[in-house]
2 protein chains.
Amino acid sequence: MSRCENCIIRQFNSLRAMNKEELKKVSDTKISKTYKKGEAIFEEGERLDGVFCVREGVSKLSKLSANGKDQIIKLATKGEILGQRSVIAEESANLSAVAIKDMDVCFIPKESILHTLNTNPNFAVEVLRHMANDLREADDVIVNMSQKTVKQRIAEAFIYLKDSFGEDSDGFLKLSLSREDMSNVVGTATESTIRIISEFKKKGMIETKGKKVKISNLTKLQSVISGL
Amino acid sequence: MSRCENCIIRQFNSLRAMNKEELKKVSDTKISKTYKKGEAIFEEGERLDGVFCVREGVSKLSKLSANGKDQIIKLATKGEILGQRSVIAEESANLSAVAIKDMDVCFIPKESILHTLNTNPNFAVEVLRHMANDLREADDVIVNMSQKTVKQRIAEAFIYLKDSFGEDSDGFLKLSLSREDMSNVVGTATESTIRIISEFKKKGMIETKGKKVKISNLTKLQSVISGL
DNA sequence: TTTAAAATATGACAAATGTCAGGTTTAAAC
DNA sequence: GTTTAAACCTGACATTTGTCATATTTTAAA
């Protein structure tokens with residue numbers, strides 16, 4: 001079994017602030033898991049007794065609204081830790097986490113996390129910094145959601161996918177979302193998303209090949225976001 | 001000058017996790033300030049060298065969007081600490097804080113906050129819990145913003161004002177927002193807000209007297225939020 | 001008090017977005 | 001390979017929301 005001490009993923013998250021001893025405990029108690037695309041890591045309302053460190057793949061974090069639609073709050077990938085907020089607040093999960101690309105994940109029981117928080121200020125501050133960052137991002141999403149049009153939000157989403165997940169050698173986005181997931185990210189109806197994507201294609205901003213999407217004119221896409 | 005050790009406000013926020021010595025330092029370095037309605041405590045982009053503990057009054061935390069509109073992210077009142085996120089993340093302020101009711105505030109230089117964070121795990125965990133709560137609230141706002149209609153969001157806002165700030169002896173909301181501020185909370189045009197408030201009045205859900213607002217039929221308001 | 005400015009209000013219309021109903025294409029299961 | 005289901009697409013239309021123009025009321029300033 002691989003050891004957390006050697007895990008490169010750790011460098012990207014707050015676990016890097018743990019000392020040797022603490023890491024050993026985590027390593028001894030962690031459980032490796034895999035999830036196929038579409039499988040849930042946890043569901044909204046579920047009691048979590050640990051956190052999930054993403055080693056590979058991508059997960060969508062979403063919440064069901066009263067009208068039955070799923071709002072995707074965030075996409076989490078390699079290095080991110082899921083469930084941390086719930087474990088710290090000692091609440092049940094506020095969001096569901098579902099794999100949108102096959103995932104390798106380490107489950108870490110909450111005891112070692114909570115114990116380290118209470119004894120190692122470096123770790124606590126590191127976690128705090130991460131959460132402060134998440135909070136800023138969430139605030140920014142609120143502003144985008146309420147002040148930008150659907151068209152602008154979809155254009156932003158494509159650029160976000162490019163910046164966060166990259167492109168392959170042919171220039172196609174490494175992560176492409178289904179129209180439905182895209183709709184749930186920007187908070188609109190699937191038909192609206194489809195229509196706008198068609199429009200972007202016609203205007204030569206993006207092109208598609210099967211499920212893959214390529215941004216062919218970044219400048220135009222960006223101009224959609226800023227003005228009109 | 002009043003001492004933090006005796007400050008009742010402290011019981012409502014993370015400062016309660018400070019020990020005697022730490023509190024003394026805060027008390028010795030804090031600066032009391034007052035802000036009139038409309039005055040800014042800090043502006044988006046500003047470098048903060050401390051946090052602001054609200055002793056009295058109400059502040060709106062907002063962010064300017066590209067189209068020039070202000071989105072209000074949160075209302076902060078007695079007991080809340082402003083600027084904490086920015087100080088912890090060592091970033092400039094992501095939001096502006098402006099008084100919407102005359103305020104008494106204590107400014108606390110960041111040094112004592114950061115020092116305590118790094119040495120007192122109880123305090124760090126307490127701050128972390130608060131931020132975890134803020135993050136959940138922000139996620140919930142994202143869902144509301146993208147999945148509910150303007151009418152539903154305005155109905156929710158009135159109930160939020162009632163629950164968070166209370167009513168006076170005549171049943172009027174203790175905190176009432178201008179139509180413009182209300183628009184910036186729910187993320188819509190001022191005219192839309194005015195129209196919907198007029199409709200609520202006609203339907204007997206709320207009534208007004210000068211600037212004051214009374215919720216006269218809570219059940220009806222709630223039914224607006226849930227169904228249609 | 002008078003005056004000016006801001007906040008509130010309403011109508012008319014345009015633009016954005018949602019909904020429903022039917023298609024076609026693509027991917028997956030058998 | 002055939003079948004079946006899911007994903008994608010498009011049109012027509014209803015609804016929601018934004019914008020502009022203008023009027024009234026309220027508040028603040030002189």
> Cation-pi between A:Lys33 and A:Phe107: NZ/CZ under 6.0 Å from ring centre and within 45° of the ring axis?
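Pair A:Lys33/A:Phe107 counts as cation-pi.
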> Does any N or O donor sit under 3.5 Å from an N or O acceptor when you compare the side chain of A:Glu191 with the base of C:dC20?
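A donor-acceptor contact between them is present.
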> Just the rounded figure in Å: distance from P of C:dA6 to CG of B:Leu177.
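It works out to 20 Å between those atoms.
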> Report yes if at least one side-chain N or O of B:Thr188 is closer than 4.0 Å to OP1 or OP2 of D:dG18; otherwise report no.
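Checking D:dG18 against B:Thr188, a side-chain N or O does come within under 4.0 Å of OP1 or OP2.
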> Quick one: pull up CG in B:Asn184 and CD1 in B:Ile73 and give me the separation to the nearest 0.5 Å.
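Between B:Asn184 CG and B:Ile73 CD1, I get 10.5 Å after rounding to 0.5 Å.
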> For A:Ala189 and for A:Lys211, find the nucleotide of DNA chain C with the closest heavy atom, then tell me which residue's nucleotide is more 5'.
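Closer to the 5' end of DNA chain C: A:Ala189.
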> Without decimals, in angstroms, what is the distance between B:Lys151 NZ and D:dT15 C1'?
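Atom-to-atom, B:Lys151 to D:dT15, this comes out as 10 Å.
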> Provide, to the nearest angstrom, the distance between the CD1 atom belonging to B:Ile194 and the P atom belonging to C:dG11.
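Whole-Å distance recorded here is 13 Å.
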> By the 4.0 Å heavy-atom rule, please label A:Lys69 as base, sugar-phosphate, or nothing.
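Sugar-phosphate, backbone atoms only, no base.
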> Would you please test B:Asp181 and B:Lys60 for salt bridge (charged side-chain N to carboxylate O under 4.0 Å, His left out) and show each step?
CA-CA 9 Å; B:Asp181 278 343; B:Lys60 60 178 173 185; 2.9 Å; yes
> Measuring to OP1 and OP2 of D:dA7, would you say a side-chain N or O of A:Thr190 lies under 4.0 angstrom away?
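Result: no.
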> Would you call the rings of A:Phe52 and A:Phe42 parallel, tilted or perpendicular if under 30° counts as parallel and over 60° as perpendicular?
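Aromatic pair A:Phe52/A:Phe42 classed tilted.
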> Map A:Ile196 and A:Gly210 onto DNA chain C by nearest heavy atom, then report which one ends up closer to the 5' terminus.
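On the 5' side of the pair lies A:Ile196.
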> Rounded off to whole Å, could you give me the CG-to-C1' distance for the B:Asn67 and D:dG18 pair?
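Going from B:Asn67 (CG) to D:dG18 (C1'), I get 11 Å.
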> Starting at atom CD1 of A:Ile206, determine the distance to atom C1' of D:dC8, rounded to an integer number of angstrom.
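To the nearest whole Å, that distance equals 13 Å.
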> Report the distance from atom CD of B:Gln147 to atom P of D:dT17, rounded to the nearest whole Å.
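In whole Å, D:dT17 P lies 13 Å from B:Gln147 CD.
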> Where the side chain of A:Arg179 is concerned, which of D:dT17, C:dT10, D:dC8 is the nearest nucleotide?
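Nearest listed nucleotide: D:dC8.
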> How long is the line joining CZ of B:Phe200 and C1' of C:dT10, in whole Å?
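Answer to the nearest Å: 18 Å.
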> Look at the side chain of A:Ser192 and decide which nucleotide, out of D:dT10, C:dT17, C:dA9, has an atom nearest to it.
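Output: C:dT17.
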> For B:Thr208, check side chain to side chain contact (heavy atoms under 4.5 Å, CB included) against everything at least two apart and list the hits.
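Scan of B:Thr208 (side chain to side chain contact (heavy atoms under 4.5 Å, CB included), adjacent residues dropped) gives B:Lys201, B:Val213.
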> Write down the distance between CZ (A:Arg195) and C1' (C:dA16), rounded to a whole number of angstrom.
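That distance rounds to 12 Å.
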